[in-house]
Structures are given as structure tokens and as C-alpha cells.
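Notes for the one structure printed next.
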Amino acid sequence: MPPVFPAGPQWLGWRRHSKRSERQSGRYGWSERRVVVHQREHGVSARNPWAAAWCFFVVMSSVTITTPLWGYYEVRYDFGSTGVSIAFGAMALGVFVALPLFGGLSDSWGRFKVMTLAIIVSLLAVGILLLPGVAALLVARVMQGFAVALTVSSVPPAISEGLARGGEARTALAAAVSTLANLGGLGMGSMLSAAVVRTVGHPFSAPYISIAVLLCTALVPCGRGAAEDRAWSGFAVRLPRVPDGGLMRYVGAGVSALAAFAAFSVYASLGPGVLADVFSVRTPIAGPALYCAVMAFSAVGQLTVLHIRTGWRQWIGIALFIGGFGVVTAAVIRVILPEFVVGGIVLGLGSGILFAEALRSVTSSSHPDTAAASQAGFFMMAYVGMIVPIIALASLIRLLGTPAAFGLTGVILSLLAILGAVASRPRRYQGGDIGV
């Protein structure tokens with residue numbers, strides 16, 4: 001018989017840092033015990049979180065496989081930078097349509113079943129990308145947005161459930177693994193595409209075949225996990241749900257994720273253009289290589305601070321975030337390429353820590369039955385950062401010039417990061433910190 005939890009803050013996933021609460025909670029904290037009981041009652045397959053992480057990695061890689069190819073598409077279809085923005089926006093449209101409708105699907109159907117569906121949708125999208133025509137390109141991008149929505153709402157809860165036991169360090173590890181798979185995939189997709197085109201050629205077929213092979217490698221372990229998932233309990237549209245931590249903490253985490261994703265998108269979307277226009281570096285692989293380096297150091301930053309106290313991790317991330325934007329702005333003003341690279345690395349360190357902490361804040365306060373619905377709303381806020389700030393920055397570059405645009409964007413995003421970190425901090429309860 002599963003243990004009966006007392007009413008009050010402990011059931012909401014909090015752990016009071018006192019001797020009394022440690023005696024009550026036993027070996028696991030209340031948040032961890034709640035997840036363990038949920039797995040027993042609902043048959044959640046939590047034995048292989050690494051298969052979920054690999055699924056996350058390859059699906060996100062398939063999304064950015066087209067990033068180095070936009071120049072070829074501009075020449076092929078003669079649609080200019082506006083067409084590139086429309087194609088990028090088509091993917092975002094798929095994300096924002098699918099997340100409210102299907103973001104909570106894994107809560108009722110099973111995590112690995114939804115991951116398997118996301119891989120199948122990604123494979124279909126890659127197949128459509130092999131077809132000629134602008135319509136095929138737009139349809140494929142919308143389908144990739146659907147795959148992203150299914151993935152970001154199912155994988156982080158699966159990883160969190162798989163790494164549920166072991167205290168706060170394991171909770172932070174689960175958030176770090178999810179973030180590494182997400183951002184690492186975004187960086188690797190563009191790098192893989194550029195490398196394949198440079199060595200093999202055939203820009204409209206070879207990158208897509210290579211990413212299809214990677215997607216197939218994730219289909220087998222995810223399909224095996226789907227066989228162990230819970231039984232179907234009926235489909236219902238679940239709108240994004242505020243977790244037990246409260247609306248203020250939830251929105252604060254989303255704002256932090258928005259700022260982090262905006263910083264990543266600066267190098268993903270505008271990095272190649274800045275390298276070409278400001279630093280006269282026009283090698284096709286330079287932009288993807290720089291973005292991949294930013295993502296790699298983002299991973300290093302998250303792993304380095306895993307065992308540091310939660311509050312300190314947030315402020316370390318903010319300090320690196322602000323410092324990175326300052327170095328990047330100075331590099332653009334003085335036209336120093338190594339400084340621009342170092343600034344991107346520092347910015348990646350800070351952004352990765354900020355995003356991992358924001359994701360940890362949401363996962364640690366989400367009820368297992370509605371974890372996917374909570375993740376859906378969180379990632380909707382995060383993906384706003386991949387679209388709106390980049391469009392605004394591109395407009396500011398035309399109006400104010402690159403140095404002023406980078407400086408103003410850095411100030412705004414830094415303020416958002418600080419506000420998000422403050423709002424997402426756990427509240428106090430009777431003189432004790434009840435956050436995890």
C-alpha cells in the first residue's frame with residue numbers, strides 16, 4: 001500500500017529544510033516520494049531516461065538541419081530573407097498550435113508513446129523536405145514544429161521521473177540532462193548539416209538522409225519504452241497548467257527560459273550574418289561551428305554548477321549572461337573576432353545555467369499527473385524567446401546599427417533574466433525555505 005502523504009506544503013512537492021521534515025520524509029524528499037508512488041500506480045516507464053534524452057537530442061537536431069541551407073534555398077526559390085523568416089515562423093506556428101492541444105498528451109497516453117510519435121512525425125517531415133517546392137518546405141517546417149511540441153512536453157517529465165531518486169542533486173541532474181539534450185541537439189543539427197554539405201555536397205538531400213538515420217536510431221529504444229508505458233486513459237485537450245509552485249514562480253521560470261533561448265537564437269539565426277557583415281568571415285561552416293561551440297560550453301556550465309546551491313547557481317548564471325552580452329557588444333564595436341567568440345562562450349555558459357534552473361524549478365513543482373501540461377506552458381514561453389527577440393534585433397540592426405542593437409538587446413534580456421530569476425525563487429514558509 002502506498003504511503004499516505006500529509007496535507008500541506010509537503011504534498012505540493014516542497015521539502016522544508018528542518019530536522020522534523022527530514023524525519024517525516026524518510027529516505028526521499030516529498031517530491032521524490034510522490035514521483036515514485038506515481039510510477040507504481042500508473043506504470044510509468046522510467047527505467048531508461050537516457051533513451052528519452054537521445055530522442056530529445058535527435059528531434060531537436062532535425063529542426064536545425066535546415067539552418068545552414070537557407071542560403072541555398074534563397075538562391076533556389078529566390079525568396080530572400082523574408083522567405084527565410086516565413087519558413088522559420090512556420091516551425092514556430094507548429095509549436096504554438098500543437099503545445100496547447102497536445103502538450104498534455106503524455107500525461108494520459110504515456111511518455112515514450114508520445115516520443116515515438118514525435119520521431120515518426122520528424123521522419124515524415126524530413127521525407128517531405130526531400131520534395132521540391134516552397135509548399136513542401138513550409139509543410140515540413142510546420143510538421144517539425146508539431147514534433148518539437150510533442151517532444152518538449154514529454155521528454156523532460158520522463159527524464160525527471162527516471163532520475164527521481166537521489167535528492168536535490170539528482171533533480172538538478174535531470175534538468176541538466178534535459179537542457180543538454182535540447183540545446184545540444186539544436187547545435188548539432190546545424191553543425192551536422194554544414195559538415196555533410198561541405199564533404200558530400202547535395203545540400204537538398206544529403207543532410208536530410210543523415211538526420212533520418214539518426215532519427216531511426218532513436219525510434220528503437222523509444223518504441224521499446226512505449227511498450228512498457230501506461231495504458232491509454234482517453235484523450236482530452238489539456239491547456240498549459242500552472243504547477244504547484246504558483247503562478248509567479250511559473251511565469252518567472254518562463255521569463256528566464258525566454259531570455260536564455262533569445263541569447264541562443266542570436267548565434268543560431270544572426271550569428272552567420274554578423275560574422276559575414278562585421279568580421280568578414282564568410283565560410284559556410286563558421287556560423288554553425290560557433291553556435292555548436294556556444295551549445296557545448298552551455299553544457300559544460302551546467303555540469304560544473306550541478307553541486308552548487310540552487311540560489312547561487314541562478315546568480316552565477318545571471319552574472320555570466322550579463323558579462324557575455326557585454327563582451328559580445330564590445331567585440332562588435334571594436335571588430336575583434338576572438339572577443340566575439342569568447343563572449344558567445346560566456347553567454348552560452350550563463351544561458352545554459354539559467355535555462356536549466358528554470359526547467360528544474362518547473363519540474364520540481366509539477367504534479368506527475370499534469371507534468372506534461374506544465375511543461376507545455378513553460379516551453380511556449382521559452383519559444384517566444386526564439387522568435388520575437390530575434391525579429392526585434394534584426395530590425396534594430398537596420399535602424400541603429402549592429403553595436404547599438406546588440407547593446408540594447410543585451411540590456412533588455414539581462415533585465416528579463418534578473419526579473420525571471422527573482423520571481424522563480426521558492427517562497428518562504430514559516431521562516432523556512434520550502435523550495436527544492
Side-chain angles (χ1 to χ4, degrees), residues 44-45 48-49 51-65 90-129 139-162 178-179 181-183 185-186 189 211-212 214-227 229-230 232-241 257 261 359 362-363 366 370-383 386:
V44 178
S45 176
N48 195 358
W54 178 245
C55 168
F56 209 174
F57 182 86
V58 296
V59 170
M60 300 312 292
S61 296
S62 70
V63 172
T64 56
I65 199 73
M91 189 274 290
L93 176 65
V95 172
F96 288 121
V97 169
L99 271 176
L101 296 177
F102 306 107
L105 184 60
S106 69
D107 288 331
S108 58
W109 196 27
R111 311 295 186 210
F112 280 91
K113 287 188 179 76
V114 174
M115 290 181 223
T116 304
L117 178 61
I119 295 173
I120 293 172
V121 173
S122 296
L123 284 168
L124 292 174
V126 169
I128 294 174
L129 284 171
V139 170
R141 293 294 287 173
V142 171
M143 291 180 66
Q144 285 181 329
F146 270 73
V148 168
L150 295 172
T151 306
V152 299
S153 62
S154 61
V155 172
I159 294 175
S160 180
E161 290 162 359
S178 297
T179 308
N182 184 1
L183 304 180
L186 291 173
I211 197 63
L214 283 181
L215 286 167
C216 289
T217 64
L219 192 59
V220 175
C222 285
R224 189 175 301 168
D229 256 335
R230 70 190 75 177
W232 171 256
S233 60
F235 173 75
V237 175
R238 292 188 177 184
L239 297 177
R241 181 184 177 91
F261 266 44
L359 181 60
V362 174
T363 55
S366 298
T370 57
S374 298
Q375 296 286 342
F378 170 77
F379 275 99
M380 283 185 69
M381 291 183 278
Y383 273 90
M386 292 193 70

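Just the heavy atoms: all of them, side chains too, but no hydrogens, waters or symmetry mates, feed the values below. Everything numeric here is computed off the predicted structure, so don't read it as measured data.
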Closest approach of [X] and [Y], non-hydrogen atoms and distance?
X: Val121; Y: Met143; value: CG1-O, 3.4 Å
X: Pro156; Y: Thr151; value: CD-O, 3.8 Å
X: Gly189; Y: Ile65; value: O-CD1, 3.4 Å
X: Leu150; Y: Val114; value: O-CG1, 3.6 Å
X: Pro100; Y: Val95; value: CD-O, 4.4 Å
X: Val155; Y: Ala52; value: CG1-O, 3.4 Å

State whether the side chain of Arg111 and the backbone N or O of Ser153 hold a donor-acceptor pair below 3.5 Å, judged by distance alone.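 No, the answer is negative, given that no donor and acceptor are paired below the 3.5 Å cut-off.
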
Okay, side chain of Gln144, backbone of Ala125: is any donor-acceptor separation there less than 3.5 Å?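 A pair under 3.5 Å: no.
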
Which distance, rounded to the nearest 0.5 Å, do you find between the CG of Leu214 and the OG of Ser122?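 Answer rounded to 0.5 Å: 12.0 Å.
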
Can you label the angle between the Phe102 ring and the Phe146 ring as parallel, tilted or perpendicular, going by 30° and 60°?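 If you compare the ring of Phe102 with that of Phe146, the planes turn out tilted.
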
Is the Trp54 ring parallel, tilted or perpendicular to the Phe57 ring (thresholds 30°, 60°)?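 The arrangement is parallel - the two ring planes meet at less than 30°.
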
Quickly, which of Phe261, Phe96, Phe378 forms a ring-ring contact (aromatic ring centres under 6.0 Å, His included) with Tyr383? Name it, please.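 Only one of Phe261, Phe96, Phe378 forms a ring-ring contact (aromatic ring centres under 6.0 Å, His included) with Tyr383, namely Phe261.
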
Do Cys55 and Val59 make a side-chain contact, defined as non-hydrogen atoms from C-beta onward lying under 4.5 Å apart?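 Yes; the side chains approach each other to less than 4.5 Å.
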
Ile128 pairs by side-chain contact (heavy atoms from CB on, under 4.5 Å) with which of Leu123, Val139, Val142?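 Output: one option passes, namely Val139.
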
